[in-house]
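Numbered from 1 within each chain, the chains take letters A, B, ... in sequence-line order.
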Amino acid sequence: MKDPFEAAVEEQESPPESPIPPEEEAGGPSAAADGDEEEVEARSQPAASAPLSAAAGGGRAKEEDEEEEEENMEELSKIPSGGDPDKLAKMQAILSQFTEEQMSRYESFRRSGFQKANMKRLLTSITGTQKISVPMTIVVSGIGKMFVGELVETARIIMTERKESGPIRPCHIREAYRRMKLEGKIPRRSVPRLFR
Amino acid sequence: MHNSSSGPPAKPRVGSSQPSEASFKRKRGVFQKDLQHMMYGFGDDPNPLPETVALLEDIVVEYITDLVHKAQDVGSKRGKLLTEDFLYLIRKDPPKLHRCTELLSMNEELKQARKAFDVSEETLANAD
């Protein structure tokens, strides 16, 4: 019997069945994923904002979302969208069977993200002079989040191998990082970094 | 404890991994809160260990730095750094590529939707 959470995580590979927020139906009738990310992630977690949540229209969108604060994940999944109905049905079936802990973890998974402002600042400091566009922040935040996911999941696998439990410790992350490096998932500088 | 920087926000980190070309001061824990939620979402404890979060932040910042430098190499012929450069870099990584294209198209959809919303608001306002 598959762990519903893991199944849900796999489901995430494809576009989530996110609904189109009611006030924006005028503009976008089309497929899958859109308002879900924004609504879910622009809400009462001040520190965690999705890469998308402040895209192009920022403040106003957030106000509208705060009015719908009472929507939780269950209700969101009930709103139909133009996405793949098969996946949607599967997703709903899985979500309905979540325990509270699983639901809360899933919510964190969906809502968490790097703050746009911080990411922008980081990117500007790395590139030096470049103007960083909003899509670029979105892409890098998305890549970063998935990278964190790979590290944390690999670290958990390592913990099961070592039969350890509890919070993840730095040694697990280091081992995970080492393994990912071996798999070539980490971009390596051709010139070694000298002054660390 | 006497800190070398007099201004409040930016404190240089001791022994931080500063690339040899660009020097930038980084606060510790810039992404700390975000990372804690993210780690929980991906399978860690609801309260991750602070040292783990700090290590993750270092690793992620280094990853992004290397990624950006590589993208700059790719985009240097053009002179500008474009989003497409990043997409080129992760082309070998299907989940990331898929996710990024999805995010970008969502962003486009939302932009269009908001534009339509603004236009219709204007029309209503003018009609009054």
(message) Rounded to the nearest 0.5 Å, what separates atom CZ in B:R114 from atom CD in B:E121?
(response)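 If I round to the nearest 0.5 Å, the distance is 12.5 Å.
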
Against chain B, label [X] side chain, backbone, both or neither, depending on which of its atoms sit under 4.5 Å from a heavy atom there.
X      : value
A:L123 : side chain
A:M159 : neither
A:L151 : side chain

Counting only non-hydrogen atoms closer than 4.5 Å, does [X] touch chain A with its backbone (N, CA, C, O), its side chain (CB onward), both, or neither?
X     : value
B:F31 : side chain
B:D44 : both
B:L55 : side chain
B:L97 : neither

(message) Tell me which of these, B:E51, B:Q72, B:M39, has more heavy-atom pairs under 4.5 Å with chain A than the rest.
(response)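 Sorted descending by pairs with chain A, the first entry is B:Q72.
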
(message) Between B:V68, B:I59, B:V60, who has the most heavy-atom pairs with chain A when the cutoff is under 4.5 Å?
(response)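 Among B:V68, B:I59, B:V60, the one with the most close pairs to chain A is B:I59.
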
(request) Considering only heavy atoms, give the residues of residues 169-181 of chain A separated from chain B by less than 4.5 Å, sorted numerically, with 'none' for an empty result. (result)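 Hits under 4.5 Å: A:R169, A:P170, A:I173, A:R174, A:Y177.
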
(request) Evaluate the ring planes of A:F109 and B:F42, with Trp represented by its six-membered ring, and classify them as parallel (under 30°), tilted (30 to 60°) or perpendicular (over 60°). (result)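 Perpendicular.
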
(request) Can you sort out the partners of A:E183 under salt bridge (charged side-chain N to carboxylate O under 4.0 Å, His left out), two or more places apart, ordered by chain and number? (result)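 So A:E183 forms a salt bridge (charged side-chain N to carboxylate O under 4.0 Å, His left out) with A:K185.
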
(message) For a side-chain hydrogen bond (donor to acceptor under 3.5 Å, both in side chains) check, start with the C-alpha distance between B:Y40 and A:S104, then their side-chain angles and the critical distance, and finish with the verdict.
(response) CA-CA 9 Å; B:Y40 175 55; A:S104 128; 2.7 Å; yes

(request) Report the C-alpha separation of A:E153 and A:R156 in whole Å, then their side-chain angles, then the decisive distance to 0.1 Å, and conclude whether the salt bridge (charged side-chain N to carboxylate O under 4.0 Å, His left out) test is met. (result) CA-CA 5 Å; A:E153 289 171 7; A:R156 270 297 184 206; over 6 Å; no

